Amino acid sequence: MRHWMQRCWALLALGLVAPALAQVSQQVVNLPTRPGVTQRMLVLTPPAPKAAVVLLAGGHGGLQMYPNGSMRWGEGNFLVRTRALWADQGLMVAVVDAPSDRQSAPWLGGFRQEPEHAADLKAVIAWLREQSKAPVWLVGTSRGTQSAAYVTTELQGAEGPDGLVLSATILSDDKSRAVPEMPLGRIRVPVLVVHHEQDGCALCAYAHVPALMGRLSNAPRKAVLPFTGGQSQGDPCAAQAYHGFNGIEGAVVQQTAAWMLSK
């Protein structure tokens, strides 16, 4: 029995099986966003969702999602591979691809802080809010934090998310605007910053997290959720390093969801 449970959790961490207890449904949605543009996303829906999360992968963000929900790129990304774990916490999940007009290189490169990107995610937020009848949070990891933070600074009130989670945040970057350089004072929703203390990516040094928190001057609730441990393999900025919470995925998702759902 113990071996069986360990195997199930390993598969869940990779997003390969649906949570056994939640009876999660899965579908691929092609949502119209801008004129002539659609946004493809893989949606997991548990019974009576407590909240909904938009999972924004890092890297170039071009998952190249097939109609059956499989992906040509990004299956190993922290948020993509843990999608079933988020659903197991009672959350409706949308794993978002690049939009239909960004389905070739550079994908989301140079696009994450553009009005069109905000328009696409505005449509995703509205759709999830209608479908779930629950609050909608943007959750980004690595380069995905630039998308999530930018959109939250641009969209307020009913158009924007109800909360923001930044994991493995881009804290410095000489090639694009890092998250702390954005007008974070515009954000007026709860913000949780999730970070591995040993993150070895030069753009995501944990020492810069306090400066990020100081910029979130108008967030009604904010916190840092630090982690240690796990495994670090290969590129320190890739998903199998501490940067991607390798080996501690279950704890990261559970504790993040618990903070999101707390009052």
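All values reported here derive from a predicted model rather than from experimental measurement.
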Looking at every non-hydrogen atom in both residues, tell me the closest pair between [X] and [Y] and how far apart they are.
| X | Y | value |
| --- | --- | --- |
| L203 | R143 | CD1-NH2, 3.6 Å |
| P135 | D162 | CA-OD2, 3.3 Å |
| P236 | D199 | O-OD1, 4.1 Å |
| H196 | I248 | CD2-CD1, 3.9 Å |
| G36 | S100 | O-OG, 4.1 Å |
| F111 | P99 | CE2-CG, 4.0 Å |

Are [X] and [Y] connected in the hydrophobic side-chain network, where two residues link if heavy atoms are under 4.5 Å apart?
| X | Y | answer |
| --- | --- | --- |
| L108 | W73 | no |
| M260 | V191 | no |
| V193 | V53 | no |
| V165 | Y206 | no |
| L171 | L184 | yes |

[Y] and [X], any side-chain heavy atoms less than 4.5 Å apart:
| X | Y | answer |
| --- | --- | --- |
| Y242 | S232 | yes |
| V54 | V136 | yes |
| W86 | V139 | yes |
| Q26 | L42 | yes |
| V252 | T256 | yes |
| Y66 | V28 | no |
| I125 | E159 | no |
| L261 | L91 | yes |

Derivation of the side chain to side chain contact (heavy atoms under 4.5 Å, CB included) call for L166 and V179: CA-CA 9 Å; L166 302 172; V179 173; 4.2 Å; yes
Charged tip of R221 within 45° of W259 ring normal and under 6.0 Å: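 The answer is yes, since R221 meets both limits relative to W259.
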Geometric class of the F245/F227 ring pair [parallel <30°, tilted 30-60°, perpendicular >60°]: perpendicular
Heavy atoms of other groups near K222 NZ, more than 12 under 6.0 Å: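 Atom NZ in K222 is crowded, with more than 12 foreign heavy atoms closer than 6.0 Å.
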Greater than 12 external heavy atoms within 6.0 Å of R177's CZ: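 Count over threshold, so yes.
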Between side-chain atoms of residues 207-217 and protein atoms elsewhere (two or more places apart, or another chain), which donor-acceptor pairs fall under 3.5 Å?
residue: R215; atom: NH1; partner: P180; partner atom: O; Å: 2.1
residue: R215; atom: NH2; partner: M182; partner atom: O; Å: 3.1

C204/C237 sulfur gamma separation below 2.5 Å: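 With an SG-SG separation of 2.5 Å or more, C204 and C237 do not form a disulfide.
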Working for side chain to side chain contact (heavy atoms under 4.5 Å, CB included), residues L121 and L56: CA-CA 10 Å; L121 293 181; L56 300 167; 4.1 Å; yes
Determine yes or no for a side-chain-to-main-chain donor-acceptor pair under 3.5 angstrom, with [X] supplying the side chain and [Y] the backbone.
| X | Y | result |
| --- | --- | --- |
| R102 | G109 | yes |
| N218 | I187 | no |
| D97 | Q64 | yes |
| T145 | T141 | no |
| R81 | G76 | yes |
| S132 | L128 | yes |
| Q103 | A98 | yes |
| Q146 | G144 | no |
| Q156 | T153 | yes |

Worked verdict on S167 versus H195 for side-chain hydrogen bond (donor to acceptor under 3.5 Å, both in side chains): CA-CA 6 Å; S167 70; H195 216 92; over 6 Å; no
Electrostatic pair R72:E75 at N-O distance under 4.0 angstrom: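 Not counted as a salt bridge, because no side-chain N and carboxylate O are separated by less than 4.0 Å.
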Quick check for you: to the nearest 0.5 Å, what is the distance between [X] atom [atom1] and [Y] atom [atom2]?
| X | Y | atom1 | atom2 | result |
| --- | --- | --- | --- | --- |
| L85 | L79 | CG | CG | 11.0 Å |
| D120 | Q39 | CG | CD | 5.5 Å |
| R40 | M65 | CZ | CE | 8.0 Å |

Passing candidate, side-chain hydrogen bond (donor to acceptor under 3.5 Å, both in side chains) with S147, options H117, E114, Q113: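 When H117, E114, Q113 are each tested with S147, the side-chain hydrogen bond (donor to acceptor under 3.5 Å, both in side chains) holds only for H117.
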Steps toward side chain to side chain contact (heavy atoms under 4.5 Å, CB included) verdict (R34, E116): CA-CA 8 Å; R34 294 172 278 124; E116 292 83 0; 3.7 Å; yes
Test salt bridge (charged side-chain N to carboxylate O under 4.0 Å, His left out) applied to R186 and E154, step by step: CA-CA 8 Å; R186 296 179 185 175; E154 291 294 306; 3.1 Å; yes
Chi angles and distances behind the side chain to side chain contact (heavy atoms under 4.5 Å, CB included) call for M92, S25: CA-CA 10 Å; M92 188 174 182; S25 66; over 6 Å; no
